[in-house]
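Note sheet for the following structure.
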Amino acid sequence: MRTGIVAAVLFVLAHFAMLIGVTTPEKFYFDEVHYVPAARQMLEPVMPEPMLNPMHPPLAKQIIALSIHSFGDGPLGWRYPGVLFGSLAIVAVYLCGLALFAAQSPAIAASLLAFFNQMLFVQSRIAMLDIFVLAFGLFAIAAFMHGFRRQRPHLWFALAGVGFGLSIGCKWSGMFVLAVCIAIVALIRLMQSWRTQFADARADDWYRPDLWPGFGWWQFAACFVLIPAVVYLATFIPLYGFSVREILEAQRRIFSDNTTTAIAGHTYMSSWPSWPFLVRPVWYLFDKIDDERIAAVVFLGNPLILWPALIAVAICLRDWIVTRRVDAFLVLAFYFGSYLAWALLPRTLGFIYYYLPAATTASFALVYALKRGSMPGWLLWAYVAVGFAGFAAMLPISAASIGTSMATFSRLMIFQNWI
């Protein structure tokens, strides 16, 4: 009951905060020019040709289309789904925190840090696909974490498979966290087949030889291959019916578009090693209202959260190596898995918003680092307050409805490459 109440409160607060001023600007900005027309097209009685935005799966665009049908073809209809799923992502972070830390206070702190890191807030207020991928992926991670230390994880892992299928149905980058879970389970099963044991085994070890005694390979395949595949392919049925040929052709087209090496040249492009250091932000919007005022939206990240998060990740890495802690292991797996996967792709065109899933899971690393050992309990909440201060300072360039002066803009742009 308490978990449900806390989750509901977090959802309502996040939903209210993200909804304020979401209809500004009243025009498309940044990649809305790609996804909203594609969503509009799905509302046609017969899908016209050519299909718009065929390089991504349809689920997120179907959700935007449903919102347009419900709230009208305007800024609220375009962007409300992002607000909804951004709020759900905050709830999912809270559920992940409960699984990791087994306590309400650090779980709530993790959800607040995820909100205050600026990235999730900005991405929840624009009609793009990434927030849907994140929300479904976080619920899947929460289910996986809740099942990780159980003797019978079958239901939790099956729920994770459903979440991963929905995440991939929005954008193929949802496969990254699914691959992390597959790698974790495969590694543990391999070590068990080798009869691996730690000489000084402890209850909080990330690996145990008695983990999941009734979870066989066929159940593994069902939860992490079959269920995600069925859920994913089902998202194409509203577009293609049960035409196997057309659904397979859609997969070929998505694969071709997402594995072709892109020509580098976008104004805001950046390479994956630079993302954790916030080297190159993406300006979603920069409109001059008059000579002294601007309306701006920048996807950058809160430096007061994301720079210290790198130290927290290093602490997790040290603890996993030295003490084999399971919570440190899971934090590292989902942080590096969702981040370093981008290094394996052949595309040369990258943007810092690809770092959103890793930046969100970095909240767990911060909570872990601030609650370990003999750290005083107030320190975590003092840091949450610091994160809020950074978030508030960036609001003039996070929400277009607030607007800001050129003087404030100049103060916030600490480095030349942020402009």
Side-chain angles (χ1 to χ4, degrees), residues 6-7 10-11 13-14 17-18 85-124 130-131 133-135 137-142 144-145 177 180 275-278 299-317 319 325 327-339 352-372 375 377 379-392 394 398:
V6 173
L10 288 171
F11 174 83
L13 293 176
M18 292 175 181
F85 277 81
S87 306
L88 290 172
I90 296 298
V91 174
V93 171
Y94 164 69
L95 296 177
C96 290
L98 282 180
L100 277 173
F101 308 117
Q104 292 284 344
S105 180
I108 295 171
S111 64
L112 293 176
L113 289 172
F115 185 90
F116 295 150
N117 82 3
Q118 197 257 1
M119 287 187 172
L120 193 151
F121 176 82
V122 169
Q123 203 62 37
S124 298
D130 303 80
I131 196 63
V133 180
L134 178 68
L138 284 171
F139 276 111
I141 291 171
F144 181 82
M145 288 179 173
V177 284
V180 172
W275 299 339
F277 303 100
L278 312 182
F299 187 95
L300 172 61
N302 184 345
L304 297 182
I305 290 178
L306 294 180
W307 283 341
L310 301 179
I311 300 173
V313 169
I315 292 172
C316 287
L317 182 60
D319 281 8
R325 288 181 59 99
D327 46 3
F329 167 72
L330 291 174
V331 170
L332 292 169
F334 288 109
Y335 174 80
F336 284 113
S338 57
Y339 168 47
I352 192 174
Y353 59 79
Y354 294 168
Y355 186 59
L356 173 65
T360 304
T361 56
S363 303
F364 304 129
L366 284 164
V367 173
Y368 174 88
L370 290 168
K371 66 177 285 294
R372 67 193 290 272
M375 292 285 191
L379 185 61
L380 174 59
W381 291 104
Y383 183 73
V384 171
V386 170
F388 172 74
F391 171 79
M394 297 182 71
S398 301

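Only this structure's heavy atoms are used, side chains among them; waters, hydrogens and symmetry mates stay out.
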After noting the C-alpha distance and the side-chain angles of Leu112 and Phe391, does the key distance pass the side-chain contact (heavy atoms from CB on, under 4.5 Å) rule?
CA-CA 11 Å; Leu112 293 176; Phe391 171 79; over 6 Å; no
request  = Determine, stepwise, if the pair Phe364 / Cys316 fulfils side-chain contact (heavy atoms from CB on, under 4.5 Å).
outcome  = CA-CA 10 Å; Phe364 304 129; Cys316 287; over 6 Å; no
Decide yes or no on side-chain contact (heavy atoms from CB on, under 4.5 Å) for Thr360 and Leu356, but give the supporting numbers first.
CA-CA 6 Å; Thr360 304; Leu356 173 65; 3.8 Å; yes
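Between Leu300 and Ile352, the closest heavy-atom pair is O-CD1, 3.7 Å. Looking at every heavy atom in both residues, Ala89 comes nearest to Leu134 through CB-CD2, 4.4 Å. Nearest approach of Met394 to Pro303, heavy atoms of both residues: SD-CD, 3.8 Å. Of all heavy-atom pairs between Gly390 and Leu304, the closest is CA-CD1, 3.7 Å. For the pair Ala99 and Ala142, the tightest heavy-atom approach, listed with the atom from each and the gap, is CB-O, 4.5 Å. When all heavy atoms are compared, the tightest approach of Ser338 to Val177 is CB-CG1, 4.2 Å.
Using cut-offs of 30° and 60° on the angle between ring planes, the pair Tyr355 and Tyr335 is perpendicular. By the 30° and 60° cut-offs, the orientation of the rings of Phe115 relative to Phe121 is perpendicular.
A donor-acceptor pair under 3.5 Å is absent between the side-chain atoms of Gln118 and the main chain of Ser398, judged by distance alone. Under the 3.5 Å distance criterion, the side-chain polar atoms of Ser363 are matched with a main-chain donor or acceptor of Ala114.
Taking 4.5 Å as the limit, some side-chain heavy atom of Asp319 sits within range of a side-chain heavy atom of Tyr368.
The residue from Asp130, Asn302, Leu306 that alone fulfils the side-chain contact (heavy atoms from CB on, under 4.5 Å) condition with Met119 is Leu306.
A distance of 13.0 Å separates CZ in Phe388 from CG in Leu113, rounded to the nearest 0.5 Å.
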